[in-house]
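Scroll down for the structure; my scribbles are underneath it.
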Amino acid sequence: MTHAPPKQSHNPSPTAGSTGRAIGLDIHPDTFAAAILDGRDPLHARVVASVTRQPLEALGAWAARHTTAEDVLILEASANSFTVADSLLAARERRTRLRRMMALEIEEQPDFLRLYKLAGLNLVTTYALVAIIGDITRFASSKKLVSYLGLNPSVVESGNSHGGGALRSHGRGSLRALLIQASKRLLTTVNPLQKWGLSVALRRGQNKAAVAVARKLTVAIWHVLHGHWNKALEETTTLLTKLTKLATDLGLPTLKELGYTSKRAFQEQKLAVLRTHP
């Protein structure tokens, strides 16, 4: 067995990283299979996700979406193991650089950081919001922002009946997809939007509920960027976790360059900003 990226160890058996996850990869000339295992050791490991017969050229993108720097990647020994390991390492380093760049943009702008208080918003979604929306004053109302992202349903009229149809095909599709993906997660975890979203799901189904949650989240985003605040959507229980991840994405050398002595100092300072900022 070989590991990617290779690490020196006195223990011949691969063990999970700090997250308790190991990623097993089976590489073939044109395809790959993968399994994500969670557990502190082989005895307690369980498969939480897997894929088979994926095109090899999609491996880098798959790894970027489904793995973190703390995961241990385990490759079955083969003729191209070292080539694949080098490719994955390069992709991981590029991902780390991109996340650090996004984290710096958010760290420097208190208005952007305020979005972290909203349920469901992480680094990538927050960065995409500020990058695509730009100056929020371009949107005179939250409805205009909802329309800009294509989250407003089309109106279906037939005879004497009318109602909401499918989403309109216009709008910023990439950001809309991120918000709907975030909303689907919100339906499965305890947060300020879950109860309302599940009530919609009972009436209209999971997919329409996710869109409705994304629309409600977009309205909240408009208000937050305008300096308004609705505590009903504030996610205080995970805010410290979000800031911890933000500090990790920045990295300790960058934090020290910014004047923070430690990750904890960064978290405490940003918590103070978010608690005093409207």
If we only count heavy atoms from C-beta on, is the Lys263 to Thr244 side-chain gap below 4.5 Å?
-> no
Partners meeting ring-ring contact (aromatic ring centres under 6.0 Å, His included) with His66 (sequence neighbours left out) | Trp62
Closest heavy-atom pair and its distance - Lys270, Leu113 | CD-CD2, 3.5 Å
Of the non-hydrogen atoms in Leu187 and Gln206, which two are nearest, and what is the gap between them?
-> CD1-OE1, 3.5 Å
Within the side chain of Thr67, is there an N or O that forms a donor-acceptor pair under 3.5 Å with the backbone of Ala63?
-> yes
Do we get Arg138 above Tyr148's six-membered ring, with its NZ or CZ under 6.0 Å from the centre and within 45° of the axis?
-> yes
Donor-acceptor pair between His28 and Asp26 side chains, under 3.5 angstrom | yes
Chi angles and distances behind the side-chain contact (heavy atoms from CB on, under 4.5 Å) call for Thr261, Leu255 = CA-CA 7 Å; Thr261 56; Leu255 288 174; over 6 Å; no
With side-chain contact (heavy atoms from CB on, under 4.5 Å) as the test, would you mind laying out the steps for Gln269 and Val273 before giving the verdict?
-> CA-CA 6 Å; Gln269 196 272 345; Val273 170; 3.6 Å; yes
All heavy atoms of Val130 vs all of Phe112, minimum pair found to be CG1-CD2, 3.2 Å
Assess whether side-chain hydrogen bond (donor to acceptor under 3.5 Å, both in side chains) is satisfied between Gln194 and Thr189, documenting all intermediate values.
-> CA-CA 7 Å; Gln194 186 190 37; Thr189 59; 5.8 Å; no
Flag the pair Asp111 / Arg114 as yes when at least one side-chain heavy-atom distance between them is below 4.5 Å, and no otherwise.
-> yes
Can you tell which of Leu239, Asn191, Val224 makes a side-chain contact (heavy atoms from CB on, under 4.5 Å) with Leu118?
-> Val224
Residue from Val213, Leu151, Leu149 passing side-chain contact (heavy atoms from CB on, under 4.5 Å) with Ile180 | Leu151
Only counting residues at least two apart or in another chain, list the ones meeting side-chain contact (heavy atoms from CB on, under 4.5 Å) with Thr188.
-> none
Under a 4.0 Å N-O cut-off, is there an ion pair linking Asp38 with Arg21?
-> no
Tell me, please, which residues at least two apart from Tyr260 pass ring-ring contact (aromatic ring centres under 6.0 Å, His included).
-> Phe266
Check the pair Val48, Arg46 against side-chain contact (heavy atoms from CB on, under 4.5 Å), reporting the backbone distance first and the verdict last.
-> CA-CA 6 Å; Val48 296; Arg46 62 186 182 90; 3.3 Å; yes
Looking only at heavy atoms, the pair that brings Ala119 and Leu217 closest together is O-CD1, 3.4 Å
Where do Leu37 and Gly24 come nearest, in terms of heavy atoms and distance?
-> CD1-N, 4.4 Å
Can you tell me how far OH of Tyr116 sits from OG1 of Thr125, rounded to the nearest 0.5 angstrom?
-> 9.0 Å
Nearest 0.5 Å please: distance from the CG atom of Leu145 over to the CH2 atom of Trp222.
-> 9.0 Å
Would you say Asp71 and Ile36 make side-chain contact, with heavy atoms under 4.5 Å?
-> no
Determine the minimum heavy-atom distance between Asn122 and Thr126, stating which atoms define it.
-> O-OG1, 2.7 Å
Strictly by modelled atom types, are Gln54 and Thr31 linked by a side-chain donor-acceptor pair under 3.5 Å?
-> no
List the steps and the verdict of side-chain contact (heavy atoms from CB on, under 4.5 Å) for Leu193 and Lys216.
-> CA-CA 9 Å; Leu193 283 171; Lys216 200 174 188 72; 3.5 Å; yes
Got Leu73 and Arg92 here, is their nearest side-chain heavy-atom distance under 4.5 Å?
-> yes
Side chain proximity check, Arg99 to Leu123, heavy atoms < 4.5 angstrom | yes
